[in-house]
Peer 1: 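Below is a structure I'd like to ask you about.
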Amino acid sequence: MKRIALATVLTLAPLAAQADITAFCRVLPGTEPAQCACATEKLRAQVSGSEVALYDAVTKGYLANRATGQGWLKAWRAAVAAVAQQNGMPLEALKASLDQTGAVHRALGDTCK
């Protein structure tokens with residue numbers, strides 16, 4: 001029974017991550033749900049799993065912060081700082097990784113129109 005539950009969680013975990021990244025994509029003006037889903041799927045194939053995991057963690061934190069009423073910049077900065085701290089990363093290194101991953105994600109979004 002426990003093995004089935006664990007297998008289910010491990011199978012669905014990438015979908016949950018994809019949902020957060022896709023929802024984050026939707027905050028960009030002019031994006032459509034199908035376009036964001038396409039870009040996120042392509043992103044997972046183009047960047048490393050660790051980069052996707054960091055990007056997902058930040059986007060998840062950002063969306064949660066926005067849901068509490070934080071402004072977009074404060075919500076983003078708080079999410080980035082929290083993920084850097086949780087992962088023992090220098091803030092600037094995480095920002096550089098996020099910049100690269102975000103640029104790829106946006107470019108892929110353009111290919112999915």
Side-chain angles (χ1 to χ4, degrees):
M1 182 76 148
K2 286 183 182 179
R3 287 184 186 173
I4 292 171
L6 180 59
T8 301
V9 168
L10 292 176
T11 301
L12 296 177
L15 296 176
Q18 193 164 349
D20 291 331
I21 293 171
T22 300
F24 175 71
C25 170
R26 290 285 295 128
V27 303
L28 298 173
T31 57
E32 298 295 328
Q35 177 187 1
C36 287
C38 169
T40 300
E41 186 175 326
K42 287 182 175 184
L43 178 72
R44 295 176 64 77
Q46 292 217 4
V47 300
S48 74
S50 61
E51 289 170 317
V52 170
L54 290 170
Y55 190 58
D56 175 59
V58 172
T59 61
K60 185 176 189 173
Y62 169 82
L63 294 169
N65 292 343
R66 291 288 288 156
T68 67
Q70 286 185 12
W72 70 270
L73 185 57
K74 184 175 181 179
W76 180 258
R77 287 180 176 166
V80 172
V83 170
Q85 183 178 25
Q86 290 165 357
N87 289 280
M89 293 181 72
L91 190 58
E92 294 305 316
L94 178 57
K95 286 180 182 179
S97 172
L98 293 171
D99 286 347
Q100 290 175 342
T101 304
V104 170
H105 196 211
R106 286 186 299 280
L108 291 170
D110 290 341
T111 70
C112 293
K113 289 184 177 178

Peer 1: Minimum heavy-atom separation for A23 and L63, please, with both atom names.
Peer 2: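 That closest heavy-atom pairing would be CB-CD1, 3.7 Å.
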
Peer 1: With sequence neighbours excluded, give me every salt bridge (Lys or Arg N to Asp or Glu O under 4.0 Å) pair touching residues 100-113.
Peer 2: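 Residue pairs with at least one partner in residues 100-113: D110-K113.
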
Peer 1: So which pairs with a foot in residues 96-105 pass side chain to side chain donor-acceptor pair (under 3.5 Å), sequence neighbours left out?
Peer 2: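 Found T40-H105, Y55-H105.
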
Peer 1: Check A84 against L91 and note the closest heavy-atom contact, atom names and distance.
Peer 2: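 So the minimum-distance heavy-atom pair works out to CB-CD1, 4.0 Å.
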
Peer 1: Quick one: list whatever passes side chain to side chain contact (heavy atoms under 4.5 Å, CB included) with A34, sequence neighbours left out.
Peer 2: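 None.
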
Peer 1: Filter on salt bridge (Lys or Arg N to Asp or Glu O under 4.0 Å), then keep only pairs touching residues 83-95, sequence neighbours left out; what's left?
Peer 2: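 Matches after skipping sequence neighbours: E92-K95.
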
Peer 1: Using distance only, find each side-chain donor-acceptor pair of residues 68-79 under 3.5 Å and give its atom names and separation, not counting sequence neighbours.
Peer 2:
| unit_1 | atom_1 | unit_2 | atom_2 | d |
| --- | --- | --- | --- | --- |
| T68 | OG1 | N65 | O | 2.6 |
| Q70 | OE1 | A75 | N | 3.4 |

Peer 1: Hey, quick one: are I21 and L28 part of the same hydrophobic cluster, counting side-chain heavy atoms closer than 4.5 Å, chains of contacts allowed?
Peer 2: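 They do not share one cluster, since no chain of ILVMFWY contacts under 4.5 Å joins I21 to L28.
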
Peer 1: Would you indicate whether the side-chain heavy atoms of V27 and R66 approach each other to under 4.5 Å?
Peer 2: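 No, side chains not in contact.
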
Peer 1: Does Q35 have any side-chain hydrogen bond (donor to acceptor under 3.5 Å, both in side chains) partners at least two apart in sequence or in another chain, and if so, which?
Peer 2: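 For Q35 there are no side-chain hydrogen bond (donor to acceptor under 3.5 Å, both in side chains) partners, ignoring immediate neighbours.
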
Peer 1: For C36, does its backbone N or O pair with a side-chain atom of T31 as donor and acceptor, under 3.5 Å?
Peer 2: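 No; zero donor-acceptor contacts below 3.5 Å.
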
Peer 1: Would you please name every residue forming a side-chain hydrogen bond (donor to acceptor under 3.5 Å, both in side chains) with K60, sequence neighbours left out?
Peer 2: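 Checked K60 against side-chain hydrogen bond (donor to acceptor under 3.5 Å, both in side chains); zero matches.
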
Peer 1: Among residues two or more places apart or on two chains, list those pairs meeting disulfide (SG to SG under 2.5 Å) that have a residue in residues 61-113.
Peer 2: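 Found C38-C112.
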
Peer 1: Would you say that V83 contacts L94 through its side chain, given a criterion of any heavy-atom pair below 4.5 Å between the two side chains?
Peer 2: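 Yes, their side chains come closer than 4.5 Å.
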
Peer 1: Could you measure the distance from the OG1 atom of T59 to the CG atom of D20? Nearest 0.5 Å is fine.
Peer 2: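 Here the rounded value is 5.0 Å.
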
